[in-house]
Each structure stands twice: as C-alpha cells, then as structure tokens.
Amino acid sequence: MNFPSRLGAALLGLATAAAIGCGSSPAADAPEATGPVVHLVPVPQSIDIFPGALRLSDAVKLESDAAAPHARRALEEALAGSGIGIDDAATTRIRLQLTDDTALGEEGYHLVVADDVQLSARTDVGLLHAVQSLRQLLPAQPQPGYRLPRVAITDAPAYPWRGLSLDVARSFLSVGYLEKTIDRMAFFKLNRLHLHLTDDQGWRIEIGRYPKLTQIGGASAVEGGRSGHYTQAQLRHLVAYAQARGITIVPEIDLPGHVQAALASYNELACDDVENLSPYSGREVGFSVLCLDKPEVVYPFVRHVLEEVLAIFPSREIHIGGDEIEHPLYADFVARAAAMVQGMGRTPIVWEEGSVADTSPDVVLQLWNDNYDIAPAVEEGHPLILSPCSYFYVDHGNYAGQSQTYDWCREEGVPLARLYAFDPAAFGTAIGIEAALWTELVHTDAAADNRLWPRLAASAELAWSPAERRSYEGFRQRMGALRPHMDALGIGYHPEPDLGWADAGARTVPQGAPAGPSSD
Ligand code: TNX
C-alpha cells in the first residue's frame, strides 16, 4: 500500500476527522484541495484517512472470493448505482476477500482504499458490511471521475442485535415495502427485522393447518389501516431476501393476549363466556386472551402454529409476545410456551412482562417500558433487547405534536436528538437495540418512511458504534451528508431540521427516485 507514515496519516486523520467524529466543519461538498470528505453512519470503530484520493474511472476490475456471493452481489449493485462498470481489463481493482482474522468476529471487516480497494472479513456478512461502507463513500448518483477518499477502516459492531420491529398486524405492510426496508436497513448495518405478525386487529401469516386465521383474521385491520396477509411462500422469499443482505427476520406470534383476530377466526380458542368474537379495528390493548383454562385446546394450537412458523423462519430467536395481559395463568403460559420453543431447538424472546415467568436464563427479554424493573431479570442473566419507549418507539413524533403519532410514552415525542442520547451501556446483559414502529396510526408507506427515517439511522449507530466514537454533532454532519444516498434509496424521510433537511421539496429529485421527504 502506498501510504504515508502512520504518524502523518494519523495527523491527517485528525484534520479530516471533523466529518467522521465530533468536529464542526461542514461534512459535505468539501473543496477539491482538501480531498473528498468521509461520512459514514454508523461511525466505524477506527478509521485512518490519508492524503489524496483514488480517482475512479468508468469501470473497475472485480475480484471476489467465491464464498462471498452476497457481498459480491451487493458490490455489483453499489457500483451500478454509482455508474461504475465492471471490466476485467480495468486498471483499478476492487477485491473482496475472506480472511481468518479472528479479531474481526462474525461481522467485522477491513476496508482499505489505496491504489486499489480491498475489502476483507471473516464472513460473507462481514464483507456485506464492508460493501455498505464503501457504498457510503461512493457517490449516490453516477459522477464521472469521482475521487474516492483514501482510508483504512477496521470496524466491528458493539452489539450483535441491531434491530427494527415492524408492526404489520395493525396495518399491513406489503412485501415490496419490506424489501425496500431491508435494503435500507442493510445500508446502515442493521441486522434484525422483527415482524410483529399477529395482533388483535389482524393475523398476517398463513398457517396451513388453520386457514381461517388469514381468511378471517387477515381481512381486518386497525381503523384506517391496511389489511392483508403473507403467504408462506412470500415469507420464505423475504427470509432469503433478507439473508442475502445480512439480515435475519425474527417472527413474533403475540401470545397469549393480543389475539382477537385468532379468536374471531377460531372461536373455540376463547373461553366460553367471551361474548365479543368479532374482528377488531379499534386501538385498545389488553382485552383479548387465549382461554388459558382450556389447555387441551390452547397448547396444541400454539404448538401447531409455532411448528409452521419455525419451518419458515430459520432465526435462532423466535418472539412469542407476552405483552399487556393480566391473567392468573399468564406466568404459567409464558413458561410453557417458552419451553415449547426451546424444545423445538430455538430461543424464545418475550416482552419484559414475561420476566415474571419461571424460564431458563437464556430466554431473551425485550424491554419496552422505561420504568420497568428489569434488574432482577438482568441479575438472573437474561439477555436483553433494548426498546425503551421514550427512545425507540418511533410511532411517537419526530417532534412534539406531530400529527398521527402517539405520545403516551413521551409527550414531547421522540426527536432524533433524544433517541441518539440513549446509553445502552447502562444495561449489563444487553445484546442490542431495537426501534419499534407500531402501526395503529401509520397507514401508508409514506408515513412509515417518515417515522422510521432518519431515526433508524441513529439507533443503528447506537447499536454498532462504540460510545467513545459517537457524538450527536458528528452524527448530524455525517448523516446530513448522506442525504443524496437517502434520496437514491427512495426514502420518504422526515425532513429533519437537525440534519439540515428541512428544505423538503426544494431539491431536485433524481430521475427514477421516488417520493423524497415527506411530512406525512
Ligand atoms: C405498546 S410495546 C404495545 C403495543 C402498542 C404500542 C403503541 C408493546 C409490547 N405493546 O401493543 O402498539 O404500545 O405505542
């Protein structure tokens, strides 16, 4: 590699770090003389920036390890997006290489831009992350003669679980929208898509043994929302689509409450004295429950459903809900359902309330109320997914008073800066972070985009980047500069003033790029 001395590089790195870390110089459109500016989200574990730049011509030569097909495809896509062709005769080389550098872990990578570009990692997933970093260094639109900054990055995630939970039950989201969301998540190195597949207002997953779950339960939705369901073939497609982008889909079947759609489909799942067995389209929570006094009906149902769910989703973790229900047999149910999942060779996830049940310490708990006393469960060693609502419930406003948002958890909403201020280190057994989009009030793709972005990028940085590398000021600059990439991805993001995006509509939308900012 033709690099200057480490010291020189480090000094230069400091000078250029403004765009990377916490400085205050503008991140985008730096003049040619100072070289291209680096703006990566999430901010990498370590980066050296060197003088000069690698001028990219129309085409590059691609060399890749046959064992990294997903990274190769992602790289081809990224290059195409920047208008760069692939040609074996080209002088500039991009190399994807698997290495046995154990320090990188499962997801870490090296990315070096010198006289050529070298991406290395232990796994295809690690290389996928390297490609995403390269993609953020490349122009969002074709730009002939683009100068790629010379960098040496070593990167790996702080947390293994970097998720998004989407409620497709209250209001359905199409396969196409989920694919788009997966692409966008991958761009920010998020790796878990949790689908809340069932709730009072809708049952969204085809179960062969119980066809009425989708015939009846899939036909309803929250008032104003969309109904529908996914076939098993569609879900298998999504699993593969996500896997090729480094993302695991985690299914949730919410039990034993939030089941009105199931009760409306199969009345025998309800206790005999339950009168209301109609489909539900309101917004109340906590009123429906499987009849736990009929274990001979309920447990076979749960088993059969889970068997089909597990056959579709290879995820090690399977979410069985467990939220917002008061019942004398609640703890018993959670313990039995969790044991059932474990008996099938998987690891259950339960919302925080499930911590009252007698389960083995490897059962994962998902924290969602800020004030929930999770300390005893942490003491027992339960891994935690962190989704405290006053930081990560993005059904709350981007700003106080935003229309069509909830504010039950935090009256002022969950602005970007608030979310970014979260400190995951406060939770000893945390395995990561998951933002959650509930859809009682989110009925269109545009509204979903608006609630998710840019906040999801901030939660990605919290889960990926070490605390000492993070600062809101640095994030604002880097994220602000990624706007053309957000546009190229067709994201209808909230025009966040903190990122300098408040001029919604003023910019030119590139041809073929949909939507753009949306205040929906
Ligand atoms: C709480 S978080 C819920 C959801 C609602 C959400 C609305 C959780 C486990 N339950 O059922 O959709 O609040 O913000």
Side-chain angles (χ1 to χ4, degrees), residues 163-173 194-204 220-226 250-262 280-289 317-327 330 333-334 337-338 348-357 363-374 377 384-398 400 402-414 418-419 433-443 447-448 450-452 455 459:
L164 164 65
S165 170
L166 282 182
D167 171 9
V168 294
R170 270 54 177 269
S171 184
F172 187 65
L173 293 166
H194 163 184
L195 293 181
H196 183 77
L197 289 164
T198 68
D199 212 302
D200 291 312
Q201 297 85 346
W203 184 286
R204 308 295 178 210
S220 52
V222 76
E223 196 178 354
R226 299 181 286 201
V250 181
E252 178 185 354
I253 305 296
D254 200 351
L255 304 164
H258 289 266
V259 290
Q260 187 67 19
Y280 181 70
S281 62
R283 290 194 221 136
E284 296 301 314
V285 293
F287 61 88
S288 65
V289 64
E317 286 79 15
I318 301 290
H319 207 310
I320 52 172
D323 56 322
E324 297 178 312
I325 196 73
E326 281 180 22
H327 191 287
Y330 168 78
F333 175 87
V334 170
I349 307 174
V350 193
W351 292 107
E352 63 195 14
E353 298 98 308
S355 65
V356 300
V363 169
V364 178
L365 297 170
Q366 185 163 6
L367 188 70
W368 63 280
N369 274 299
D370 285 32
N371 302 324
Y372 192 84
D373 181 15
I374 204 69
L384 290 187
I385 296 168
L386 304 174
S387 308
C389 55
S390 80
Y391 294 93
F392 297 110
Y393 270 27
V394 293
D395 61 346
H396 282 52
N398 284 290
Q402 182 174 11
S403 73
Q404 290 292 95
T405 62
Y406 269 144
D407 65 359
W408 64 263
C409 180
R410 191 165 188 269
E411 222 175 298
E412 307 87 337
V414 180
R418 160 78 184 177
L419 193 151
I433 289 175
E434 197 173 281
L437 182 62
W438 302 99
T439 54
E440 287 98 328
L441 300 173
V442 177
H443 305 151
N450 172 279
R451 306 300 183 272
L452 290 174
R455 289 182 290 184
S459 75

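Being a predicted model, the structure only gives us computed values, none of them experimental. When a ligand or atom number is given, it counts from 1 through the structure's own listing order.
Looking at atom 8 (C) of ligand 1, its nearest protein heavy atom turns out to be Asp323 OD2, 3.4 Å. In terms of protein heavy atoms, atom 7 (C) of ligand 1 is closest to Asp395 OD2, 3.3 Å. For atom 3 (C) of ligand 1, the nearest protein heavy atom (residue, atom name, distance) is Glu324 OE1, 3.4 Å. Atom 13 (O) of ligand 1 has as its closest protein heavy atom Trp408 CZ2, 3.4 Å.
Ligand 1 has no N or O atom lying under 3.5 Å from any N or O atom of Tyr393, backbone or side chain. Residue His396 has no nitrogen or oxygen atom sitting less than 3.5 Å from a nitrogen or oxygen atom of ligand 1, judged on distance alone. An N or O contact shorter than 3.5 Å is missing between Tyr406 and ligand 1 by distance. Residue Arg170 places at least one N or O, backbone or side chain, under 3.5 Å from an N or O of ligand 1. Not a single N or O atom of Trp351, backbone or side chain, sits closer than 3.5 Å to an N or O atom of ligand 1.
At least one heavy atom of His258 lies less than 4.0 angstrom from ligand 1.
By the 4.0 Å N-to-carboxylate-O rule, Arg170 lies close enough to Glu440 to be salt-bridged with it.
A 4.5 Å side-chain heavy-atom check between Arg451 and Val442 finds at least one atom pair inside the cut-off. Here the side chains of His196 and Leu166 are not in contact, with every heavy-atom distance at 4.5 Å or above. Inter-residue side-chain proximity for Ile374 and Glu352 is flagged as met; some heavy-atom pair is nearer than 4.5 Å. Residues Ser355 and Tyr372 are in side-chain contact: their nearest non-hydrogen atoms beyond the backbone lie under 4.5 Å apart. Phe333 is not listed as a side-chain neighbour of His327, based on a closest heavy-atom distance of 4.5 Å or more.
Exactly one residue among Leu367, Val364, Ile433, Val250 makes a side-chain contact (heavy atoms from CB on, under 4.5 Å) with Ile385. That residue is Val364.
Distances below 4.0 Å separate heavy atoms of Glu440 from the following atoms of ligand 1: 5 (C), 7 (C), 12 (O).
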Ser459 and Tyr391: side chain to side chain donor-acceptor pair (under 3.5 Å), yes or no, with the steps? CA-CA 9 Å; Ser459 75; Tyr391 294 93; over 6 Å; no
